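Please read the structure below before turning to the comments.
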Amino acid sequence: MSTLEQFMKGLTDAAPRRGSFHQDISFEEWRAKLADGLTARLGGFPESPAELQPVRLEQVSCPGYIRERIEITTCEGMRMAVYILRPERPLASPAPAVIAVHGHGYGSRDIVGLMADGTERTGPPGLHKDFAVSLVKQGFIVAAPELLGFGDRRLAEDIASGDPAKNSCYRLSTALLLAGQTMAGFRIYENMRVLDYLRTLEEVAPDRIGIMGISGGGLVAGFTAALDERIACAVVSGYAGTFASSILTRHHCLDNYIPGILLEAEMPDLLGLIAPRGLFLESGDTDHLFGPGGARQALDRLRQIYDAAGCSEQVEADFFAGGHEIHGDPAFAWLREQLADERRPV
């Protein structure tokens, strides 16, 4: 390790992490303080939500489900497209729902079985494994939002490049940072607005809405659940670990970085804000971005936090043979256990 690397490691290691959980404080008091600290580091959220003003863009019948695309207002001046997948045979009535959050790629089409141009998928599904489709086939109503910086929500120059996977994360992140905001905070807030929309639908059980995300979508899913207690449970795939073992070890997209976050806490403590609600981690044994070593460290720390909250059984993990990708079946089964209500069959 070079002198420069030693210096930088010492700097990040010495960051106080003053919001780390410890037994000298009640769980409830700790959670409230760290949630406030995380919200501030993200740049804060609007004081009052804008009217959603939903508009339907398309509706398509698919085998076993209906795929609808809508658009909602997330904040003044900003609209976001969201796929809504409705199963022909929902788990219950009203039905549980899951917000499915994509990672880096070509946006929400990447998880609903479509190519970047909106045509039906003809090749392999990649790291996302069309997991929104898998979820709707489990009987969940699924919302798959288009995160800022991907798909149709890119800067004109990136769309004009002709490369559907070329994102706008860097320029949008730098603009947000200069304005005192963060890309993570913006995306988290927009997913809170997706939750607002789902709760307006009569066919959705408002108290049984979960969230699942992969990679950068895992960041969004995990921290949205951490800060919005209306989310019943969360699956974080290919992200959970420690900042020290992941984004501080290599080049990552700027959207991963939250200024000053190590002054508050390490990643497991931030995800621990989800307690006592359910949390499920997925980690591939050859994941080169967020490896299993960091994920196991995170799980150990999360078990301490969940034990202090009196709900140690509510945090689980799937360490599978694979890479930086969705695994699926164990997480889907866990979501059914968390969200299905057998007392209200269809």
Side-chain angles (χ1 to χ4, degrees), residues 17-21 25-50 52 72 74-75 78 80 97-101 143 145 147-148 173 176 180-199 206-214 216-237 239-240 243 255-281 298 301-302 305-306 308-309 311 314-315 338:
R17 298 164 174 81
R18 53 178 168 257
S20 295
F21 178 75
I25 187 172
S26 72
F27 176 81
E28 293 75 16
E29 183 181 356
W30 165 78
R31 189 192 182 283
K33 287 183 176 180
L34 183 54
D36 286 346
L38 173 57
T39 301
R41 296 292 174 185
L42 289 168
F45 302 131
E47 291 184 4
S48 58
L52 289 168
I72 60 172
T74 56
C75 60
M78 184 64 74
M80 177 172 64
V98 178
I99 302 171
V101 192
L147 296 186
L148 184 65
S173 294
L176 286 165
Q181 304 292 311
T182 64
M183 182 66 91
F186 202 94
R187 289 173 176 167
I188 289 164
Y189 181 71
E190 289 201 315
N191 273 265
M192 292 176 177
R193 300 314 318 277
V194 175
L195 179 61
D196 290 339
Y197 174 74
L198 284 174
R199 288 167 62 91
D207 59 341
R208 291 186 288 132
I209 301 174
I211 193 166
M212 178 174 181
I214 170 75
L219 179 160
V220 176
F223 294 164
T224 301
L227 294 175
D228 196 325
E229 295 183 77
R230 296 176 300 170
I231 292 178
C233 61
V235 175
V236 177
S237 178
Y239 176 72
F243 298 124
D255 61 8
N256 281 286
Y257 298 87
I258 303 169
I261 195 60
L262 289 179
L263 303 179
E264 304 294 336
E266 251 288 1
M267 188 193 302
D269 286 72
L270 300 173
L271 293 175
L273 295 172
I274 297 171
R277 292 162 293 139
L279 173 59
F280 190 95
L281 312 182
R301 177 63 173 166
L302 283 161
I305 294 170
Y306 269 72
C311 55
Q314 280 285 75
V315 61
Q338 290 279 319

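These numbers come from a predicted model, not from an experiment. The analysis underlying the following values was restricted to heavy atoms, covering all of them including side chains, and did not include hydrogens, waters or symmetry mates.
- Counting only heavy atoms from C-beta outward, the side chains of P46 and Y189 approach each other to under 4.5 Å.
- Looking only at side-chain heavy atoms (C-beta outward), L227 and L42 come within less than 4.5 Å of each other.
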Run the side chain to side chain contact (heavy atoms under 4.5 Å, CB included) test on Q314 and L279 for me, step by step, so that the C-alpha distance in whole Å, both residues' side-chain angles and the decisive distance to 0.1 Å come before the verdict. CA-CA 6 Å; Q314 280 285 75; L279 173 59; over 6 Å; no
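- E264 CD to R17 CZ: the interatomic distance, rounded to the nearest 0.5 Å, is 11.5 Å.
- A distance of 11.0 Å separates CZ of R208 from SG of C233, quoted to the nearest 0.5 Å.
- With rounding to the nearest 0.5 angstrom, the CD1 atom of I258 is 6.0 Å from the CG atom of L38.
- Annotation: the span from T74 atom OG1 to Y197 atom OH amounts to 14.5 Å, rounded to 0.5 Å.
- Side-chain contact check for L281 versus L302: some heavy-atom pair is nearer than 4.5 Å.
- Using a 4.0 Å cut-off between a side-chain N of Lys or Arg and a carboxylate O of Asp or Glu, R193 and D196 qualify as a salt bridge.
- The side-chain heavy atoms of R199 and I209, taken from C-beta on, include a pair separated by under 4.5 Å.
- Taking all atoms of both residues into account, the shortest heavy-atom contact from G19 to L34 is O-CD2, 3.7 Å.
- With hydrogens and angles disregarded, a donor-acceptor distance shorter than 3.5 Å links the side chain of R277 to the backbone of A225.
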Begin from the C-alpha positions of Y239 and V220 and carry the test side chain to side chain contact (heavy atoms under 4.5 Å, CB included) through to its verdict. CA-CA 10 Å; Y239 176 72; V220 176; over 6 Å; no
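- The minimum heavy-atom distance between R31 and L273, with the atom names listed, is NE-O, 2.7 Å.
- Listed here is the closest heavy atom pair of M183 and S173: CB-OG, 3.4 Å.
- The closest side-chain heavy-atom distance from I211 to V236 is not below 4.5 Å.
- Summarising the geometry, atom CD1 belonging to I25 is positioned 4.5 Å from atom NZ belonging to K33; distances are rounded to the nearest 0.5 Å.
- A pairwise comparison of heavy atoms in R41 and L263 identifies NH2-CD1, 3.5 Å as the closest pair.
- Judged by distance alone, with hydrogens and angles left aside, the side-chain atoms of E266 form a donor-acceptor pair with the main-chain N or O of F243 at under 3.5 Å.
- Judged by distance alone, the side chain of D269 and the main-chain N or O of F21 form a donor-acceptor pair under 3.5 Å.
- Closest of all the heavy-atom pairs between A226 and L270 is CB-O, 3.6 Å.
- Within the 4.5 Å cutoff, no side-chain heavy atoms of L176 are placed close to those of T182.
- Side-chain atoms of S20 and R301, non-hydrogen and from C-beta on, do get closer than 4.5 Å to each other.
- Rounded to the nearest 0.5 angstrom, Q338 CD and F280 CZ are separated by 10.0 Å.
- Listed for the Q181 side chain is a donor-acceptor partner under 3.5 Å among the backbone atoms of G43.
- For V194 against P145, the heavy-atom pair with the smallest separation is CG2-CB, 3.9 Å.
- T224 places none of its side-chain heavy atoms less than 4.5 Å from the side chain of L195.
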